[in-house]
Amino acid sequence: MTPTVSDYAPQTIEKKWQQRWAETRAFEVSADPSKPKFYCLVMFAYPSGHAHVGHVRNYMIGDVVARMKRLRGFHVIHPFGWDAFGLPAENAAIQNKLHPRTWTLDNIAHMKGQLQRLGISYAWEREIATCLPEYYRWNQWIFLKMFERDLAYRRRSTVNWCPSCQTVLANEQVIDGKCWRCGSDVDARALEQWFFRITAYADQLLEGADGLTEWPEKVLTMQRNWIGRSEGARVTFTLVGEPAAPIEVFTTRIDTIYGGTFVLLAPEHALVDDIASSSGDPEGFRERVRRFRAQDRTARLTGEIEKEGFDTGRRAINPFSGEEVPVWVANFVLGEYGTGAVMGVPAHDQRDFEFARKYDLPIRIVVQPDEGPPLAADEQVEAHPGAGHLVASGEFSGMPWADACAAMTQAAADRKIGEGTVQYRLKDWGISRQRYWGTPIPIVHCEACGLVPVPYEDLPVELPDVTDFTGRGDSPLGQVPEFVNTICPTCGAAARRETDTMDTFVDSSWYFYRYCDPRNDTLPFDPEVARYWTPVDFYSGGVEHAILHLIYSRFFCRVLRDLGLVAHDEPFTRLLTQGMVLKDGAVMSKSKGNVVDPDDMMATYGADTLRLYETFVAPPEKEIEWTDTGLEGSFRFLGRIWRLVAPLAGRVQAAAPPAGELDDAERAMRRKTHVTIQRVSSDLERVHLNTAVSALMELVNDLYALCDRAGCGPASRASEAAELRPATASVLREAFEALVLLLSPFTPHLAEELWERLGHGDGLAAASWPEADPDVAKAHTLVVPVQINGKVRARLTVEAGQSDADLEAAALAEPQVQAHIAGKTVAKVVVARGRLVSVVVK
RNA sequence: GCGAAAGUGGCGGAACUGGCAGACGCGCCGGAUUUAGGAUCCGGUGGCCGGACGGCUGUGGGGGUUCGAAUCCCCCCUUUCGCACCA
């Protein structure tokens with residue numbers, strides 16, 4: 001394709017304007033409290049090597065919003081950066097003998113070039129990369145603050161171990177028992193680990209969700225489920241015999257406690273070992289426990305295994321009934337939830353019911369339904385978990401179950417045998433990773449002093465240069481003596497550094513605050529500056545982070561708030577979860593070989609075409625199927641605009657604003673222009689990008705028709721010679737300018753070029769969003785359909801502003817209508833808001 | 001199993017608080033231009049009947065509310081997503 005003067009040549013235009021934007025620092029901003037701000041954020045990128053069109057889509061959504069807000073007079077911060085720590089870099093290093101830093105920085109350079117060629121309006125001077133000491137230093141700083149406040153702590157626990165990634169995973173990072181990153185089955189391992197006490201904020205995170213009115217309900221539901229709050233009570237049963245010990249159970253149905261005919265311990269329960277020792281056959285006992293513990297962790301968590309258990313031979317006293325009940329160990333009781341022990345109430349819990357039937361344990365009904373026939377224990381085919389009133393429950397008999405819950409919780413507290421508690425499914429966030437390419441945890445282990453924080457003035461604890469990556473087990477940092485061996489900051493004795501690194505989700509939990517003040521070297525960010533820019537007004541990214549990044553960030557926001565660094569409770573006011581880009585029905589991935597490279601698309605069609613396509617093809621939240629023909633359609637549209645506006649730009653740029661002497665077509669055109677301004681404006685505020693584009697296409701179609709008629713359009717021969725009425729020129733000028741401005745968030749290069757050709761030397765940076773004139777946008781004549789018995793039989797063309805009575809009369813006078821009501825009686829006429837007349841005949 | 005969202009032409013998708021279903025685009029058909037192809041410009045395009053005016057039918061299926069339902073209510077089917085022994 002050889003471009004001629006009238007051809008749309010995106011490559012030339014795009015290079016020109018990208019240079020211009022860089023020279024004028026068009027998108028750089030600084031805090032200015034006298035102006036309204038807008039923080040537009042897209043999830044930063046993992047520098048995997050190449051951006052594909054799926055990433056590009058998200059950046060496009062953010063860019064359209066940012067550019068629109070800028071034209072609307074906001075001070076817009078639209079930053080970008082790199083989530084630059086993580087395993088792929090380390091794995092690449094193992095394979096290619098490259099340092100992870102080299103691999104990462106090279107990838108960043110390449111991807112940055114891609115994004116710049118797309119013309120995304122980032123404030124590049126705020127760019128951050130989490131793998132640089134100047135960034136991760138502040139991870140360490142925040143970690144130490146959390147350590148001081150007991151929000152970061154170390155304990156031994158059973159953790160999720162990914163055998164392929166050779167590291168620990170947080171609970172959020174295990175999906176269906178598999179590693180979120182590589183899909184391997186996750187094992188259990190007992191390790192000393194660092195945790196963040198996110199559970200301290202469980203209630204706040206839950207309650208805060210109610211205020212997130214501009215988040216997708218789906219994400220909030222996922223977060224609420226993940227937090228999993230349940231109200232109940234802890235009640236203490238007493239193990240009889242030697243050793244005598246309390247067994248605390250958690251229940252949400254203390255009202256059923258008189259039906260508690262056995263106690264179940266998780267195989268991991270602390271008492272199990274003691275009981276085994278004092279049993280007749282300690283080895284056999286332990287063997288059975290070992291078997292349960294070894295059962296597939298995934299299957300145990302998802303309930304896919306057969307419920308099994310065995311009698312410990314010991315008994316415990318039910319504190320309410322006073323009865324001695326057997327104590328069993330059961331494989332379906334989770335050691336990590338509640339107290340690791342439950343009371344078995346077979347009549348009212350399905351799991352306990354199945355267990356009791358299997359092992360012939362007693363079933364006792366203590367809640368009878370208020371209606372219907374009473375339950376009988378030996379006839380039960382399933383548990384009755386529902387409502388009713390209590391029976392066989394001592395002094396509580398006869399009470400409605402909900403009242404009984406309250407009364408019995410109170411009674412337990414009075415008698416010091418229990419108390420009401422709230423239990424969460426959410427667990428503390430395990431952040432230790434046994435890998436190299438992450439933030440070193442700034443702690444020193446001293447024989448004498450224990451866990452000693454690295455003094456703030458010694459930060460950052462820098463990653464040493466490791467050159468030999470094996471990817472085997474234990475933390476690579478442990479193999480670097482110069483790193484490990486240090487002295488205790490407190491007592492000066494020889495000590496060892498912590499060798500685990502932090503989960504990379506720590507990096508991403510606060511990066512959006514760092515953008516506000518990215519070069520600060522005394523604090524993570526200046527609270528005053530952050531107060532101006534944050535919270536983030538619009539945040540766009542993938543739904544896969546619904547309960548990972550998005551819950552961690554909400555937690556960090558509160559921690560930083562309590563440290564006095566931020567002034568709000570929620571970091572992201574509005575969230576959009578964008579749909580994925582599919583090719584051949586599948587997510588794009590290198591292994592499937594279905595990746596569409598934006599560079600290829602830009603080489604053929606230009607960045608603007610790619611940008612337009614990805615915003616037009618479907619609503620941002622929906623997934624899209626990539627089609628080359630769709631992309632070509634977008635290219636055609638831009639060519640169509642070019643052929644329309646470019647040749648006429650010089651001829652209309654001096655035209656006066658439209659005045660009174662317009663003909664019908666010109667008046668209609670003006671109206672279309674102003675209606676389009678209204679539609680695009682409101683669609684963009686709602687981020688309905690696809691319908692905004694379609695409104696612009698309608699405008700262009702109408703402009704073609706007008707120019708065709710005026711003999712000046714692309715279809716006209718010898719268009720240069722055609723006379724242009726001054727009125728036409730003024731209408732065209734107004735329409736072209738609106739079109740270019742409304743289009744500019746989508747296709748900024750083309751818009752800048754045409755804006756310049758329309759006589760504006762100072763660029764779109766100096767322009768502002770067009771305002772619709774409601775009077776011009778208003779229809780002067782309208783078409784009112786007339787329904788007879790629900791079917792449209794005629795259309796009236798009337799002057800706007802007719803009264804309902806006039807419309808009714810006009811409708812009934814219409815010959816078409818007359819024909820349909822002839823010989824029948826008009827029973828009723830409804831006029832709907834001047835838009836429709838509905839006639840009912842019999 | 002539980003919960004949520006969705007189901008509209010050949011395809012992607014429009015339709016604000018119930019008010020002309022199918023905007024816009026892709027594809028397809030026809031015309032103009034062209035030596036030809038491509039590109040471009042114009043027109044047509046849910047289905048059935050009719051030469052046209054027009055008529056009938058139509059938003060997963062079935063019922064209901066209403067002058068009027070893609071939209072609201074009930075039942076069912078399908079798809080996608082989330083949760084799934086959390087006591």
Side-chain angles (χ1 to χ4, degrees), chain A residues 1 7 176 216-219 221-222 224-226 228-230 232 249-253 256 264 266 299-305 307 330-334 336-345 348-352 354-355 385 423-427 543 546-547 612-613 616-619 621-625 627-634 636-637 639-640 643 679 682-683 686 688 690-698 700-701 704-705 708 713-717 783-795 816 827-841:
Chain A
M1 190 162 56
D7 269 344
D176 288 338
E217 197 51 43
K218 178 173 120 171
V219 173
T221 305
M222 285 168 72
R224 289 188 185 110
N225 290 342
W226 185 257
R229 183 181 200 273
S230 54
V249 302
F250 174 73
T251 177
T252 54
R253 290 295 302 275
T256 64
L264 298 173
R300 272 190 70 193
L301 279 170
T302 55
E304 280 159 11
I305 48 162
K307 290 179 182 49
N331 64 347
F332 68 93
V333 178
L334 305 174
E336 59 216 61
Y337 183 78
T339 60
V342 299
M343 62 181 195
V345 187
H348 304 291
D349 181 284
Q350 187 60 25
R351 296 157 298 186
D352 298 344
E354 287 166 25
F355 195 77
Q423 193 66 45
Y424 296 95
R425 210 181 77 120
L426 179 73
K427 309 237 179 41
V543 73
I547 49 175
L612 185 76
Y613 170 66
F616 170 64
V617 69
E621 296 84 353
K622 277 202 70 160
E623 58 185 33
I624 58 176
E625 171 72 29
T627 61
D628 292 341
T629 49
L631 188 74
E632 280 164 20
S634 295
R636 269 204 289 274
F637 175 59
R640 209 165 139 77
R643 287 186 296 276
R679 279 176 61 186
S682 75
D683 281 353
R686 294 179 296 160
H688 290 193
N690 55 326
T691 50
V693 173
S694 74
L696 292 170
M697 289 173 167
E698 284 186 46
V700 170
N701 290 345
Y704 262 74
D708 209 16
S716 318
R717 292 167 158 274
V783 177
V784 177
V786 183
Q787 291 185 343
I788 294 163
N789 288 350
K791 290 187 166 66
V792 178
R793 296 298 184 187
R795 292 187 170 82
Q816 284 285 347
K828 193 174 179 182
V829 181
V830 179
V831 182
R833 279 167 282 169
R835 275 191 292 179
L836 178 138
V837 179
S838 182
V839 182
V840 187
V841 296

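We use all heavy atoms of the structure for the numbers below, so side chains are in, but hydrogens, waters and symmetry mates are not.
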Pairs: protein N or O with nucleotides 44-46 of chain B N or O, under 3.5 Å:
none

Can you pull every protein N or O that's under 3.5 Å from an N or O on nucleotides 57-63 of chain B?
none

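Taking the side chain of A618(A) as heavy atoms from C-beta on, and the options rG13(B), rA87(B), rC16(B), the nearest nucleotide is rG13(B).
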Do nucleotides 25-30 of chain B as a string where each nucleotide becomes B, S or -: B if the base has a protein heavy atom under 4.0 Å, S if just the sugar-phosphate does, - if no protein is that close. SSS---
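rG37(B): glycosidic angle beyond 90° from 0, hence anti.
Not one side-chain nitrogen or oxygen of K218(A) sits closer than 4.0 Å to the OP1 or OP2 atom of rC81(B). The side chain of Y704(A) contributes no N or O atom lying less than 4.0 Å from OP1 or OP2 of rC42(B). Within the 4.0 Å cut-off from OP1 or OP2 of rC41(B), at least one side-chain nitrogen or oxygen of R643(A) is found. An OP1 or OP2 oxygen of rG19(B) is reached within less than 4.0 angstrom by no side-chain nitrogen or oxygen of S838(A). Between K622(A) and rG13(B) there is a side-chain polar atom (N or O) within less than 4.0 angstrom of OP1 or OP2.
Nucleic acid contact for T691(A): sugar-phosphate only, since backbone atoms but no base atoms lie under 4.0 Å from a heavy atom of the residue. Using a 4.0 Å heavy-atom criterion, one finds that V840(A) contacts the sugar-phosphate atoms exclusively. No engagement by S682(A) is indicated, since no non-hydrogen atom pair under 4.0 Å with the nucleic acid exists.
Rounded to whole Å, the distance from CG on N690(A) to C1' on rA23(B) is 11 Å.
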